[in-house]
Amino acid sequence: VAPNGESIPLTADMAPSRYPLPTAAEARIHATAAAQLLRIPERFLQLVQTQAAAPDAPLQAHVLAQDEDIAERLLAALRRGTIPLPSLPDLALRLGRALDDPRTDNPQLARLIQTDPALATRLLGVVNSVAIAGVRRIDSLPQAIARLGRNQVRSLAMSCLLQDLFSTRSTLLRQRMHRLWQSSCRVAAIAMLIARHTPGLNPERGLLAGLLHEIGVVAILSAAQHEEALREDAHLLERVVGLTRVDAGTLILTHWRFDQDLLEVVRHAHHWHHIGTALPSYADAVILARLHHLLPQRGALQLPRIDALPAWEKLMLGRLTPRHSLALLEGADQEIGDLARLLGGFH
């Protein structure tokens, strides 16, 4: 039983049965019939996990001593606070407190959201997009909140407000940050679609996971303004980003007190063969979303086969052939593009 209460069957003939069972903190497990479980010593599982943890090749190529020195210096400055971590927008904090308070009704939440007209407009746009829309068009924020529920409003509002973090005063780094936001919006839209087709996952949570999977890069690009070598050498910058994105992202989400499932997204989004558990996760959704996003750019020869990914086997799409899985995503390309644009991914 997934954290959202949804029951997910697991039988010996299903691909996810080859992966570790989730812990009690991750899911409740009930045996509905006599079952045999294979117990593997943890040290062997750790070995497999370590081998699977290598990130995709472009991030680990040509690592030099200089790269590691700069990476350690930037991470140390972020840990000490010499370079401040990005802060959540004030409205995100106020909205979070209001959503946590059961005494706050939908009209009150709507008034709070309306203090940011851009957020209100984009929230209504997302609610009425083909990705979420119901039979009847929604014209008011209280109606939108009632349709979505508080958890979905939280994720969507957070998604819209995050764009402000993807900005920099440095003209040299502004284009890189803009590309980062564009790609994050695209991955988020695909992850939302995947989560919608996956038992146990929430679509809006998938959207937020996609937007946050590169949040560590935001901190590193901001910190790069203080490193002349990074401002002048784009290749060095990318190598340092590859070395620091996970640690920086973990620092930020821990600082923001985000849940473990989103921390796992930051840690594993770039590990194509991340094993995880038999329970589909948001990390799995983002891994598959990244693959679909990168296919038109890098070409299939430079990326792993979709049916070689543990994420593909565990998600709803794993019940189809690789060709049909990709066709389902490609068939939703307009839907994905519309949602990405609504999030601000294309200007």
- prompt: Between the main-chain N or O of Leu112 and the side-chain N or O of Thr115, is there a donor-acceptor pair closer than 3.5 Å?
  reply: yes
query: Any chance the side chains of Ser281 and Asp284 put a donor and an acceptor closer than 3.5 Å?
result: yes
message: Between Tyr282 (side chain only) and Asn202 (backbone N and O only), is there a donor and an acceptor less than 3.5 Å apart?
response: yes
- request: Carefully, step by step, assess Leu212 and Ile252 under the rule side-chain contact (heavy atoms from CB on, under 4.5 Å).
  value: CA-CA 10 Å; Leu212 288 172; Ile252 292 170; over 6 Å; no
- prompt: Between Asp259 (side chain) and Asp261 (backbone), is there a donor-acceptor pair under 3.5 Å?
  reply: no
- prompt: Is Arg290 reaching over with its side chain to a backbone N or O of Ala269, donor-acceptor style, under 3.5 angstrom?
  reply: yes
Criterion side-chain contact (heavy atoms from CB on, under 4.5 Å) on Leu10 and Leu279, from CA distance to verdict: CA-CA 9 Å; Leu10 185 65; Leu279 187 72; over 6 Å; no
- request: Rounded to the nearest 0.5 Å, what's the gap from CZ on Arg245 to NE2 on His213? Could you check?
  value: 7.5 Å
query: Are Ile275 and Val246 connected in a single hydrophobic cluster, I mean Ile/Leu/Val/Met/Phe/Trp/Tyr linked by side-chain heavy atoms less than 4.5 Å apart?
result: no
Among Asp247, Val240, Leu243, the one residue meeting side-chain contact (heavy atoms from CB on, under 4.5 Å) with Leu74: Val240
message: Over 60° means perpendicular and under 30° means parallel, so tell me whether His274 and His268 are parallel, tilted or perpendicular.
response: parallel
- request: Could you check if a side-chain atom of His292 sits within less than 4.5 angstrom of a side-chain atom of Ile194, using non-hydrogen atoms only?
  value: no
field: Gln175 CD: over 12 foreign heavy atoms closer than 6.0 Å
entry: no
message: Given the ring of Trp272, does Arg305 sit roughly above its face, with NZ or CZ under 6.0 Å from the centre of the six-membered ring and within 45° of the axis?
response: no
message: I'd like to know whether CD of Gln260 has more than 12 heavy-atom contacts from other residues, nucleotides or ligands below 6.0 angstrom.
response: yes
query: Taking all atoms of both residues into account, what is the closest heavy-atom pair of Pro203 and Met192, and its distance?
result: O-CG, 3.3 Å
message: Could you tell me if the side chain of Leu109 sits less than 4.5 Å from the side chain of Val153, heavy atoms only?
response: no
- prompt: In terms of hydrophobic clustering (I, L, V, M, F, W, Y; side-chain heavy atoms under 4.5 Å; direct or indirect links), are Tyr19 and Leu21 co-clustered?
  reply: no
Heavy-atom check, side chain of Arg176 versus side chain of Glu238, under 4.5 Å: yes
- request: Determine whether Arg179 and Ser183 make a side-chain contact, defined as any pair of heavy atoms from C-beta on separated by less than 4.5 Å.
  value: no
- request: Spell out, as yes or no, whether a donor-acceptor pair under 3.5 Å connects the side chain of Gln143 to the backbone of Asp139.
  value: yes
query: Do His197 and Leu193 come close enough that some side-chain heavy atom pair is under 4.5 Å?
result: yes
- prompt: Do the non-hydrogen side-chain atoms of Pro310 and His273 ever get within less than 4.5 Å of each other?
  reply: yes
query: Where do Met14 and Pro9 come nearest, in terms of heavy atoms and distance?
result: CE-O, 3.3 Å
Interatomic distance, Thr250 atom OG1 to Leu263 atom CG [nearest 0.5 angstrom]: 6.0 Å
- request: For Ile215 and Phe258, run side-chain contact (heavy atoms from CB on, under 4.5 Å): C-alpha distance rounded to whole Å, both residues' side-chain angles, the deciding distance at 0.1 Å, then the answer.
  value: CA-CA 12 Å; Ile215 194 67; Phe258 273 38; over 6 Å; no
- prompt: Just wondering, do His271 and Ile287 contact through their side chains at under 4.5 Å, heavy atoms?
  reply: no
field: Nearest heavy atoms of Pro199 and Ile8, plus distance in Å
entry: O-CD1, 3.4 Å
task: With side-chain contact (heavy atoms from CB on, under 4.5 Å) as the test, would you mind laying out the steps for Leu211 and Gln163 before giving the verdict?
output: CA-CA 9 Å; Leu211 284 176; Gln163 184 176 7; over 6 Å; no
query: Is Leu201 linked to Val1 within one hydrophobic cluster, defined over Ile, Leu, Val, Met, Phe, Trp and Tyr using a side-chain heavy-atom separation of less than 4.5 Å?
result: no
message: Would you say that Arg154 contacts Asp100 through its side chain, given a criterion of any heavy-atom pair below 4.5 Å between the two side chains?
response: yes
field: Verify same cluster id: Leu37, Ile29 (apolar side-chain graph, 4.5 Å)
entry: yes
